[in-house]
Amino acid sequence: MAVATQSLEELSINAIRFLAVDAIEKAKSGHPGLPMGAAPMAFVLWNRFMRYNPKNPKWFNRDRFILSAGHGSMLQYALLYLTGYDSVSIEDIKQFRQWGSQTPGHPENFITPGVEVTTGPLGQGIANGVGLAIAEAHLAAKFNKPDAKIVDHYTYVILGDGCNMEGVSGEAASLAGHLGLGKLIALYDDNHISIDGSTDVAFTEDVSKRFEAYGWHVLHVKDGNTDLEAIAKAIEAAKAVTDKPTMIKVTTTIGYGSPNKANTAGVHGAALGADEVKLTREKLNWPHEPFVIPEDVLNYTRKAVERGASYESDWDKAFADYKAKYPQEAAEFERYLSGKLAEGWDKVLPTYTPEDKGIPTRKHSETCLNKLAAVVPELIGGSADLTHSNLTEIKGKGDFQKGQYQNPNIHFGVREHAMGAICNGIALHGSGLIPYGATFLIFTDYMRAAIRLSALSLAGAIWVMTHDSIGQGEDGPTHQPIETLASLRAIPNLTVIRPADGNETSGAYKVAIERAKENAPTLLAFTRQNVPNLAGTSVENVAKGGYIVVDSQGTPDLILIGTGSELSLCVTAAEKLTAEGKKVRVVSLPAWDLFEAQDAAYKESVLPKAVTKRLAVEAGSSFGWHKYIGTEGDTVTIDRFGASAPGGVCLEKFGFSVDNVLATAKKLLG
């Protein structure tokens with residue numbers, strides 16, 4: 001077929017394919033197969049259905065698009081370039097996967113405007129999509145009126161076989177089906193190839209039946225390579241079903257157009273090679289030099305700019321009408337979008353004195369969460385089936401369920417990994433919502449990929465973790481975190497806070513809410529067991545990461561450093577040592593990274609280098625503590641798995657007692 005006989009739609013689809021082929025060929029790295037096979041479905045979606053404004057990638061009421069199969073990132077970059085986004089130029093396409101490029105190997109939301117979420121770890125993107133759809137449904141239920149819809153957009157996802165193999169996608173899809181998220185539409189690139197070859201070697205289930213069992217509306221496009229009308233009809237049918245999410249299985253050929261590599265693993269994750277590129281150009285009638293797009297194709301695809309301006313202008317007019325009719329709601333909506341918190345929000349956080357009864361910090365957390373919910377209505381979240389252990393219910397506000405999307409309490413079920421990825425999606429919706437997800441601290445192991453991605457992709461989520469040590473007790477070593485805090489502290493941009501009492505819990509929430517508004521995640525670690533409220537703790541000082549709780553007269557002989565439930569052991573031990581004539585300082589160090597962010601003078605004032613006798617006390621691994629205790633210090637920590645016994649017995653047997661802290665301190669002092 002001669003080029004002249006091809007329609008502009010067919011030429012545009014080939015433009016997507018060859019931008020991907022050429023960029024990957026130049027980089028000698030990448031995944032050309034998916035962009036070549038999925039180009040038709042992506043083009044139909046972006047050209048006929050999606051509402052977006054290339055000149056304002058953050059326009060609120062845009063449809064969200066997620067390439068869950070993030071290894072096919074050149075598909076998204078080609079779409080961004082062809083539709084007129086300023087974030088991706090032809091020079092950016094040429095710099096695919098290079099240092100400092102706007103077109104990294106996998107889509108990164110913090111690098112490329114137009115990319116909604118960071119994808120690459122398979123399954124995360126579709127789970128993020130569930131979060132985006134939850135955010136849309138929640139805001140629509142809160143702000144829309146019978147005569148005014150200001151929140152009205154879809155979440156579209158392209159996912160692949162790898163996404164469907166990953167368990168996180170199943171967890172998230174199950175919840176999405178239960179919730180009936182009708183504005184979530186997933187297009188499944190059904191190409192039967194993974195890196196190891198045909199999916200027949202490991203993946204032979206009926207995906208459509210699985211999604212039907214989840215409660216999804218399921219459709220099948222049998223020819224995703226050339227039948228554009230079938231793709232369009234399927235998307236139309238998906239939009240017509242409003243009470244459940246839709247999965248459209250689109251059967252495609254990976255590497256479509258490559259004479260020798262199409263439908264093989266060879267086209268999945270490697271450049272085609274010069275000879276195969278030449279043959280593919282001939283087969284698809286694409287005579288243009290690398291990175292050259294015909295002017296008529298660009299003129300056609302960039303009609304998206306005009307459409308986008310019209311979409312946004314129409315919405316602006318609709319919002320102006322809404323604002324005139326509903327000024328109070330409009331002002332609150334604008335506050336959400338601005339990222340600003342209500343004036344004086346932090347004044348509701350409680351403070352405590354030693355006379356106040358000692359309770360678990362998880363109970364203090366419940367108090368903070370409920371007081372904050374009254375003044376920070378952006379809070380939305382819940383627990384992975386541990387609501388009454390984590391104490392994370394916003395009381396009196398109702399559950400987020402099908403038909404009750406205005407309510408903030410989400411029941412994630414026993415789906416820790418999906419909970420994490422869904423919260424990330426809510427945070428990255430861009431509407432000011434602050435998601436929180438809760439479970440036992442040990443089960444961060446089940447959601448570590450999502451927690452890491454929250455830090456990487458600048459998602460302002462709050463991770464509420466309870467039962468933070470061997471003080472968990474009877475459930476035994478499977479439920480008692482040992483190395484967990486150390487491993488979480490190693491994640492860049494994740495602030496881990498282990499508060500000691502009520503004041504520090506209030507301080508921890510203050511930091512977490514502020515960080516959420518700065519698009520950064522915070523993990524809070526709370527006790528199951530009672531802890532006393534201490535005289536020297538402070539709401540404000542938590543933001544410094546570390547501070548002096550008890551000080552000595554003159555330069556200390558010894559510094560005791562504690563976090564969480566062990567800080568009280570340090571305070572009591574210091575009292576006894578002081579009575580014996582020793583000069584002892586007690587330092588609370590609830591958030592290591594916040595302490596490291598302080599200036600050198602402040603850090604020296606808290607932990608002076610001249611004081612080398614230091615003892616760190618924490619019911620967790622000793623790993624990492626040597627930074628603070630130096631070569632002459634010691635720790636009371638635990639570097640073995642716990643045991644099944646009452647929490648107090650576990651703590652005593654493993655040395656977390658005043659007597660053992662005293663004995664270790666005296667040994668240090670000589």
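In this structure, CG in L187 is found 4.5 Å from CD1 in I248, a value given to the nearest 0.5 Å. Separation of atoms CD1 (I451) and OH (Y446) is listed at 14.0 Å; rounding is to 0.5 Å. Taking CD1 from I111 and OG from S101, the interatomic distance works out to 8.0 Å, rounded to the nearest 0.5 Å. Here CH2 of W46 is found 14.5 Å from CE of M41. Values are rounded to the nearest 0.5 Å. For the atom pair OG1 (T252) and CG (N191), the distance works out to 4.5 Å, reported to the nearest 0.5 Å. In this structure, Y77 OH and Q95 CD are separated by 13.0 Å, a value rounded to the nearest 0.5 Å.
No more than 12 heavy atoms of other residues, nucleotides or ligands shown are found within 6.0 angstrom of CZ on F641. Heavy atoms of other residues, nucleotides or ligands lying less than 6.0 angstrom from NZ of K28 number more than 12.
Heavy-atom minimum distance, L34 versus A69: CD1-CB, 3.5 Å. Nearest heavy-atom pair across F412 and G382 is CE1-N, 3.6 Å. For the pair V250 and G224, the tightest heavy-atom approach, listed with the atom from each and the gap, is CG1-CA, 3.5 Å. The shortest non-hydrogen separation linking S87 to D92 is O-OD2, 3.3 Å. Scanning all heavy atoms of the two residues, the minimum distance from N424 to A459 falls at OD1-CB, 3.8 Å. Here the shortest heavy-atom pairing between A238 and T246 reads CB-CG2, 3.4 Å.
A salt bridge links K627 with E596: the closest approach of a Lys/Arg side-chain nitrogen to an acidic carboxylate oxygen falls below 4.0 angstrom. A salt bridge links R62 to E116: at least one charged side-chain nitrogen sits closer than 4.0 Å to a carboxylate oxygen.
Considering T444, T484, N390, L524 in turn, T444 is the only one that fulfils the side-chain contact (heavy atoms from CB on, under 4.5 Å) rule with M465.
Side chains of H417 and Q124: a donor-acceptor N/O pair is present below 3.5 angstrom, by distance only. Side-chain atoms of E474 and S644 form no donor-acceptor pair, as typed in the model, at a separation below 3.5 Å. H467 and Q480 share no side-chain donor-acceptor pair at under 3.5 Å. Between the side chains of T527 and R362, no donor-acceptor pair of N or O atoms lies under 3.5 Å. In this model, a donor atom of one side chain and an acceptor atom of the other lie less than 3.5 Å apart for D399 and H411. With hydrogens and angles left out, the side-chain atoms of N407 and N409 include no donor and acceptor closer than 3.5 Å. Under 3.5 Å, the side chains of T522 and R515 contain a donor-acceptor pair of N or O atoms. Between T439 and W463, the side chains place no donor N or O within less than 3.5 Å of an acceptor N or O (distance only, hydrogens not considered). Between N263 and T253, the side chains place no donor N or O within less than 3.5 Å of an acceptor N or O (distance only, hydrogens not considered). Of the N and O atoms on the side chains of R498 and T563, at least one donor lies less than 3.5 Å from an acceptor on the other residue.
Q404 contributes no side-chain N or O that, together with a main-chain N or O of F400, makes up a donor-acceptor pair within less than 3.5 Å. Counting only distance, with no hydrogens or angles, the side chain of S73 and the backbone of G105 share a donor-acceptor pair below 3.5 Å. Checking side-chain atoms of R528 against main-chain N and O of Q472 turns up a donor-acceptor pair under 3.5 Å. Side chain of H268 to main chain of S194: no donor-acceptor pair is present (N/O by atom type, distance under 3.5 Å, no hydrogens or angles). In this structure, the side chain of Y156 does not engage the main chain of G129 through any donor-acceptor pair within 3.5 Å. Put simply, the side chain of T199 never gets that close to the backbone of I193: no donor and acceptor are under 3.5 Å apart. Distance alone, capped at 3.5 Å, is enough to place a donor-acceptor pair between the W216 side chain and the A173 backbone. S457 places a side-chain N or O within 3.5 Å of a backbone atom of L453 that can act as its donor or acceptor partner. Between the side chain of E618 and the main chain of T637, no donor-acceptor pair closer than 3.5 Å is present. Of the possible donor and acceptor atoms, one in the side chain of Q98 sits under 3.5 Å from a partner among the backbone N and O of F96.
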Intermediate values then yes/no, side chain to side chain contact (heavy atoms under 4.5 Å, CB included), L139 and Y336: CA-CA 10 Å; L139 292 165; Y336 272 47; 3.9 Å; yes
Salt bridge (Lys or Arg N to Asp or Glu O under 4.0 Å) between K517 and E378, worked out: CA-CA 10 Å; K517 289 299 184 180; E378 301 98 302; 3.2 Å; yes
Criterion side chain to side chain contact (heavy atoms under 4.5 Å, CB included) on M36 and V21, from CA distance to verdict: CA-CA 8 Å; M36 296 170 75; V21 166; 3.8 Å; yes
Side chain to side chain contact (heavy atoms under 4.5 Å, CB included) evaluation trace for I158 with F65: CA-CA 8 Å; I158 290 181; F65 172 78; 3.9 Å; yes
Side chain to side chain donor-acceptor pair (under 3.5 Å) between H220 and T251, intermediate numbers included: CA-CA 8 Å; H220 184 198; T251 298; 2.8 Å; yes
Working for side chain to side chain contact (heavy atoms under 4.5 Å, CB included), residues L67 and V157: CA-CA 6 Å; L67 182 61; V157 183; over 6 Å; no
Steps toward ring pair (Phe, Tyr, Trp, His ring centres under 6.0 Å) verdict (H429, H153): CA-CA 11 Å; H429 185 257; H153 51 267; 5.1 Å; yes
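Considering only heavy atoms from C-beta on, N164 comes within 4.5 Å of R210 through its side chain. When side chains are defined from C-beta on, L456 counts as touching T118, because their heavy atoms get closer than 4.5 Å. Side-chain contact check for I126 versus E166: every heavy-atom pair is 4.5 Å or farther apart. Between D593 and L494, the closest side-chain pair of non-hydrogen atoms is not below 4.5 Å. K397 is listed as a side-chain neighbour of P408, based on a closest heavy-atom distance under 4.5 Å. Two residues are said to be in side-chain contact when any heavy atoms from C-beta on lie closer than 4.5 Å; E136 and Y154 fail this criterion. Here the side chains of L458 and E518 are not in contact, with every heavy-atom distance at 4.5 Å or above. Here the side chains of F526 and D468 are not in contact, with every heavy-atom distance at 4.5 Å or above.
Aromatic ring pairs are classed by plane angle as parallel below 30°, tilted from 30° to 60° and perpendicular above 60°; the pair F211 and Y214 is perpendicular. Under the 30°/60° scheme for interplanar angles, the aromatic rings of H106 and H31 are found to be tilted. Ring geometry for Y85 versus Y52: interplanar angle under 30°, hence parallel rather than tilted (30 to 60°).
Here the two rings, on H479 and F443, have centers that are under 6.0 Å apart.
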